[in-house]
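Scroll down for the structure; my scribbles are underneath it.
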Number of protein chains: 2
Amino acid sequence: MLAEDQGMVRGALASLLGLEPDIEVVGEAATGPEALAVAERVRPDIALLDIEMPGMDGITAAGEIRRRVPECQVMILTTFGRPGYLRRAMEAGAAAFLVKDSPARELAAAIRRVLGGERVIDPGLAAAALSAGPNPLSPREREVLGAAVDGSTISDIADRLHLSEGTVRNYLSSAIQKTAARNRIEAVQKAQLQGWL
Amino acid sequence: MLAEDQGMVRGALASLLGLEPDIEVVGEAATGPEALAVAERVRPDIALLDIEMPGMDGITAAGEIRRRVPECQVMILTTFGRPGYLRRAMEAGAAAFLVKDSPARELAAAIRRVLGGERVIDPGLAAAALSAGPNPLSPREREVLGAAVDGSTISDIADRLHLSEGTVRNYLSSAIQKTAARNRIEAVQKAQLQGWL
DNA sequence: CATCGGCGATGACATTTGTCATCGCCGCCC
DNA sequence: GGGCGGCGATGACAAATGTCATCGCCGATG
């Protein structure tokens, strides 16, 4: 089955896989929750999930699918090969991690390898994920930094998270230092690049 | 011909179009300059361009292709249906503007309509583009705001653009007001949402 | 020819942001 | 039991950011 929010990309991928005689697309979904529902209903051999989806991100969906449909292998197909994404995908039990800018023919090849029991990960990406180390941000730091992505002021964030302004400043400050950034914007950029948010 | 930087999406779209008996993909490109070169060489009936591409964005490439290969109709296929993108695409002479989250079958239909001499634009998007009005930012304001997206400080931007710090502050301030934002981060967000950068 | 807008700059000012020291309360782990 | 780290808070301080008034130089436009 195939989960991807952009209709045109989803349809195109379905057509790509339809060319392969040994592969059949048995279900499609456009959101995280929908992916979960479809997976439970059709119980496919493979679930191919995008990460950026409305409702529930593909990695969370992957974990749920692994839990509820254990015989189904989950593969992640994403635009952004961020180290933190790869790490979280692996922890969620994914069998493969593919980026959309690799050549199209690698998709069917990867599916066959997963069906054969292998795990498929871009070697360069794996190295990056390992060398980058784990997410250094504490849960609260992540939350506060995540609340800052849209340009909210300190007092906005404090209100939204029910914290004092000083506390918000402290979390932002430590997030800035842990990401080796010079201000919150750089911190957000760097954290997103690593897949830490 | 097909220009799209993500290999897997490009291949999938090619396969989707390959299903249509009256459509043939005669060339592929992964970057803006490559798209231009391929268009000049194969002189296709239609060039289907993504906007976000390395080297040269799809809208600029569209203008160049229209200029150098006048018999070729250009269609834009993009992830982001931003009003400013649509406006610029039309000014560059595009015959169609499609977003990737519409259903896959609309792609072939749109191609046929363009071949029939029609222009294809999502009505909702057209309304948004017209009601949003034109880009209110002056070229310099756009440049300065664009230099602020990555979290650069005032003095970074001043150095990069060979301006005094005070001038940079003035431009940012007026960009913030024109976008009705509260700080530069919100201004960047809003401007990007509108396709003004 | 006067006006308007864009460009570039300066100086002054208020506000926001980032840093640091310090505190108390937990829970965990050696 | 002591140490460590996460959580939440306060106060003080320095630095960065945003605003405003004002200036001069252009080129276009009425």
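Below, read A as the first sequence line, B as the second, and so on, with proteins coming before strands; counting in each chain starts at 1. Both backbone and side-chain heavy atoms feed into the values below; hydrogens, waters and symmetry mates do not.
- For B/S164, counting side-chain heavy atoms from C-beta on, the closest listed nucleotide (D/dG18, C/dC7, C/dT10) is C/dT10.
- If you measure from atom NE2 of B/H162 to atom P of C/dA9, you get 11 Å, rounded to the nearest angstrom.
- A donor-acceptor pair is defined here as one N or O able to donate and one able to accept, closer than 3.5 Å; no such pair exists between the side chain of A/E34 and the backbone of A/G55.
- In this structure, A/R68 and A/R43 approach most closely via the heavy-atom pair O-NH2, 3.7 Å.
- Closest to the side chain of A/S138, from the set C/dG6, C/dG11, D/dC7, is D/dC7.
- At distances below 3.5 Å, at least one donor-acceptor pair connects side-chain atoms of A/E4 with backbone N or O atoms of A/Q6.
- Interface remark: the A/N170 side chain does not form any donor-acceptor pair with the C/dT22 base, using a distance-only criterion of under 3.5 Å.
- Here the P atom of nucleotide D/dA16 and the CD1 atom of A/I154 are 16 Å apart, to the nearest Å.
- At a cut-off of 3.5 angstrom, the base of C/dG18 holds at least one donor-acceptor pair with the side chain of A/R169.
- The nearest whole Å value for the distance from the CG atom in A/L172 to the C1' atom in C/dT16 is 12 Å.
- Distances shown here put every side-chain N or O of A/Q177 at or beyond 4.0 Å from the OP1 or OP2 atom of C/dG18.
- Both B/L163 and A/S174 lie close to DNA chain C; mapped to their nearest nucleotides by heavy-atom distance, the more 5′-ward contact belongs to B/L163.
- For B/I176, counting side-chain heavy atoms from C-beta on, the closest listed nucleotide (D/dG18, C/dG8, D/dG8) is D/dG18.
- At a threshold of 4.0 Å, the pair B/D156-A/R182 counts as salt-bridged, since one of the basic side-chain nitrogens sits closer than that to a carboxylate oxygen.
- Per the geometry, OH belonging to B/Y171 stands 19 Å off P belonging to D/dT17, to the nearest Å.
- Atom CD in B/E141 sits about 7 Å away from atom P in C/dG6, given to the nearest Å.
- Proximity of A/T153 to the phosphate of C/dT17: no side-chain N or O atom is located under 4.0 Å from OP1 or OP2.
- Counting atom types as modelled, B/N183 pairs no side-chain N or O with a base atom of C/dT17 as donor and acceptor under 3.5 Å.
- OP1 or OP2 of C/dT17 has at least one side-chain nitrogen or oxygen of A/R184 nearer than 4.0 Å.
- When rounded to the nearest whole Å, the span between CD of A/E165 and C1' of C/dT19 equals 16 Å.
- Ion pairing between A/R113 and A/E118 holds under the 4.0 Å rule for side-chain N and carboxylate O.
- A/I157 places its CD1 atom 17 Å from the C1' atom of D/dA9, with the value rounded to the nearest Å.
- For D/dG8, the OP1/OP2 oxygens have a side-chain nitrogen or oxygen of A/R140 closer than 4.0 Å.
- One atom, NZ of A/K178, and another, C1' of D/dG6, lie 9 Å apart when rounded to the nearest Å.
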